[in-house]
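These notes concern the structure reproduced below.
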Amino acid sequence: MDKSYNPRDIEQRLYERWENNGWFAPAGTGQPYCIMIPPPNVTGTLHMGHAFQHTLMDALTRLHRMQGDNTLWQQGTDHAGIATQMVVERQLNAANTTRHDLGREAFIARVWEWKAQSGDTISRQERRLGNSVDWSRERFTMDPALSEAVTEVFVRLHEEGLIYRGKRLVNWDPVLHTALSDLEVVPEDAKGHLWYLRYPLEDGSGQLIVATTRPETMLGDTAVAVHPEDERYRQFVGKQIRLPLTGRLIPVVADAAVDPQFGTGCVKITPGHDFNDYEMGKRHQLPLINIFDADAALTDDVPEPYRKLDRFVARKRIVADMEALDLVEKIEPHALKVPRGDRSGAVLEPWLTDQWYVSIAPLAAPAIKAVEDGSIRFVPETWAKNYFSWMHNIQDWCISRQLWWGHQIPAWYDADGNIFVAHDEEAAQAKARAKLGRDVTLTRDEDVLDTWFSSALWPFSTLGWPQQTPELQTFYPTSVLVTGFDIIFFWVARMIMMGLKFTGQVPFREVYITGLIRDENGDKMSKSKGNIIDPLDLIDGIDLEALVVKRTSGLMKPKDAARIEKDTRKQFPEGIAAYGTDALRFTFAALATMGRDIRFDLGRIDGYRNFANKLWNAARFVLMNTETHDVTSGDVQYSVADRWIRSRLGATIEETRRRLEDYRFDLAAQSLYEFAWYEYCDWYLEFSKPVLQSETVADALKRGTRQTLLAVLEAYLRLLHPLMPFLTEEIWQAVAPLTSVEVKRVPPDAEATIMLQPYPHAHEFARDEAAEKAVAPLKALILATRQIRGQLDVPRSRQMPIFVTTPGDQEWDVIVANGDLIRFVANITDITQLTASSHMPATAMQLIDGYAVHAPLSSLIDDPDAELSRLAKRKAKTRAELAKCEAKLGNQNFVANAPAEVVAQERARIADFNKEIVQIEEQESRVSELKK
RNA sequence: GCGCGCGUAGCUCAGCGGUAGAGCACCACGUUGACAUCGUGGUGGUCACAGGUUCGAUCCCUGUCGCGCGCACCA
């Protein structure tokens, strides 16, 4: 092995080997375990959020595969209708052409080209992240088989009356020229105005003043409404108003939906362009006037001067004209929410169109029940609340989109407007013939389905539904869905509804909701903010110039470039270092705390890269001390240290397994980190050195230590593998052959891989209380000696003797038995038990856990004050603690009410502190002697 | 307006009724054969604030403040 850990050298090579051996495909003989990847959009590349979630999914997948489960991680991508169409349209615009120039067929061909390219990029990224997805089963939402599932679902829902075509107001995107579902509307805070307009009564008896944020819609007004109880206006109800600018007569109606407190209490009613007004219009049988076209410009149904004007131009014009007529009472500033499309950012317009809808209530009821009765469990549970509140208020789902890229709706129309929904044109024709008794000319609906319609089927469409395939029977319902809270409504809820509807079973048993990855300031990462980090740049590194170019090119608003460049240069003056996939993955795991967004902190990945390097070097140490020896045959004797580290590994296995089961990847990572660094490397490797380097230690004992070094490392690598797949495989390949563990190979003549070895069980490394207890005095003495050295600047290279007192004789026996070890690790000459009659030279003293360690230092004679000040500090600390304890025990209520255990513990502490103070004071007087 | 989350060391975050933790940063010392991507020691905290419950509260409850998010309203 090389002296330094270099991830670049190992990662790609290993991934190819795993993939080429087909080890990602389900092959376990145990329970089925399946995770459906949330299919990334083929709009571009994977971002940090993907990399994060994929790390967790891969960890779970690898864990279960090692446990022998029949494990499938289903890979695939999503066609992402609007988003992808926009990307390709933008490319066309850049080339000074449009999709309309190309025509539908050529345009779609063009999108397929883009899909191939983007899909390749995504695959490459997945591979670099080490994701053990089953590539042989990769799916795309517009694959023929998946499209067939979409058609099947559409036809069946239509047959049951759960899909219907309706004419009503929808959220219309006047830039993209498509309808959107409610979920795709993002209300944005805006500063606008409230215009108070005078509407004269037809009989000349006065006027009503209406307040509106959208004066241009007055051209479509068909009533003015007041609250029925509103005394101010009761007399006007039923009268007619002469609508200014148009001269139309509209009634004054009374409706309880009017808020008398708002504005003047009079509302202009525009049923054609406002959801509330639409409802009110229905209640009062008001006519509906459509004043906007698909671009949200005014139609020919308005007075001539305003025709063809854009809505915002028309607004100015109308306000000016009203002012000229002295019909504007006043204008107030007003904060409002403007509805914008989540993709285009355009201000949406409520618009009357024909669209397809899913009748949602019958689907929602069982989906609510599934979460209520625990068939599906949210982790963390708090997200179930959000799910319920949305599901209880859910509205019918508008599924048709006026786009080209997507699943075309399987509906055909004849010349009379009859609708025939069927799997294909032939079947539609058959239906027409059955109904009309003759052949007719059919035209297919041009619209496509909301992209989430096919995503909703993903858990079963990828497994072959509507066919009852073996895969479907084996892997459905899937085990867990790992995704972000931002798509609970878009995706999770809809999968549950569709899954229950078409398979009769839940699509997954658990939903693990991750936090969102944010930048170091807590901002969402986005291209326009210029704060995106490509996960591959963390793996491979990137220099500053390349990073700046990457962040500033292809911006929607090119003028952001200067700011982005400045911020980037400030934050990454050196660019980004190459950390490797394992370090990135471990960082994601360590940051994956429950129910909290994640600020991505480069400091963390730095630390975990170092961790990888630490393991690498620990492995080198183990190998260079074991490779040239026959470790597996001959007598074996285990030292206290050997038994201790085995016991600690057992505890770590237990902890890690438990944490992974709870989806506490952060705590699993922490337990793995702490064991490797603070126990195995910091202590056990040091303990092993005196044994291995001694010329007098028995071979059996050396063999015991070598076996332990190897066995603990080998099992630990398996324990860590789900989080750091590459490093663990690379080291394991070198380590496993030296151990006596039975290596699993499938088939028997196959190459060995850590991927398919069993995940460690705690019982393989049983707890050894006696060993754990025995190591405590060794650590205490070594730590105390180091503290003396550290605080008095005594270099480690300077040997010295120590005098010690122990809490009891047992501990002293342990110290005697392991004297060589302590002497070696702490670089000590002699260890002498301190008795009342001991004669000591000038010493520095350190107390720790009931042990006192004295180190004779000639330098103390020159500077006793250094020691005295250390002692004074320690005494103050001890006294403070003592005072707290005494206060507690002085409280009768505490003694009476606290558990006996706690009271006893406090009493013991008081005794310990008192003993410490005596020891400190004795030492103080000894040192003071030196000053004389 | 309803709901949710968060506020712990300079920074990023664990913890959670009984002696406040980690990484990074910082200070001092140190290259002996695993590792300077390192080792050893150290500095650093009224656990946002105020009440309450409790023998005991960073932890449980109530309220306040601050930050973020979702839903609803929004003429």
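Residue numbers begin at 1 in each chain, while the letters A, B, ... track the order of the sequences.
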From C-beta outward on [X], which listed nucleotide comes closest to its side chain: [options]?
X	options	answer
A:Arg596	B:U37, B:A34, B:A14	B:A14
A:Asn613	B:U37, B:U40, B:C38	B:U37
A:Met624	B:A34, B:C74, B:G18	B:A34
A:Lys614	B:G41, B:G23, B:G39	B:G39
A:Asn893	B:C55, B:C73, B:A14	B:C55
A:Asp793	B:C29, B:C38, B:C55	B:C29
A:Gln791	B:G41, B:U37, B:A34	B:G41

At under 4.0 Å, does any side-chain N or O of [X] touch on OP1 or OP2 of [N]?
X	N	result
A:Asn276	B:C74	yes
A:Arg664	B:G15	yes
A:Trp677	B:G39	yes
A:Asn386	B:C71	no
A:Gln787	B:U40	no

- Note on the structure: Assert: residue with more 5' nearest nucleotide on RNA chain B, out of A:Asn617 and A:Asp601, is A:Asp601
- Note on the structure: Result for 5'-nearest mapping on RNA chain B, choosing between A:Tyr678 and A:Asn891, is A:Tyr678
- Query: Do you know which of A:Phe485, A:Trp390, A:Phe378, A:Phe489 makes ring-ring contact (aromatic ring centres under 6.0 Å, His included) with A:Trp383?
  - Reply: A:Phe485
- So, for A:Tyr716 and A:Tyr680, is the gap between ring centers shorter than 6.0 Å? no
- Item | hbond_proxy A:Lys385 side chain to B:C4 base (donor-acceptor, 3.5 Å cutoff) | no
- Does A:Arg599 make a side-chain donor-acceptor contact with the base of B:U12, cut-off 3.5 Å? no
- Query: Taking NZ, NE, NH1 and NH2 as the nitrogens, is one of them in A:Arg659 or A:Glu655 under 4.0 Å from a carboxylate oxygen of the other?
  - Reply: yes
- Query: Parallel under 30°, tilted from 30 to 60°, perpendicular over 60°: which one fits the rings of A:Phe665 and A:Tyr512?
  - Reply: tilted
- Cationic tip of A:Lys614 within the cone over A:Tyr608's six-membered ring, i.e. under 6.0 Å and within 45° of the normal? no
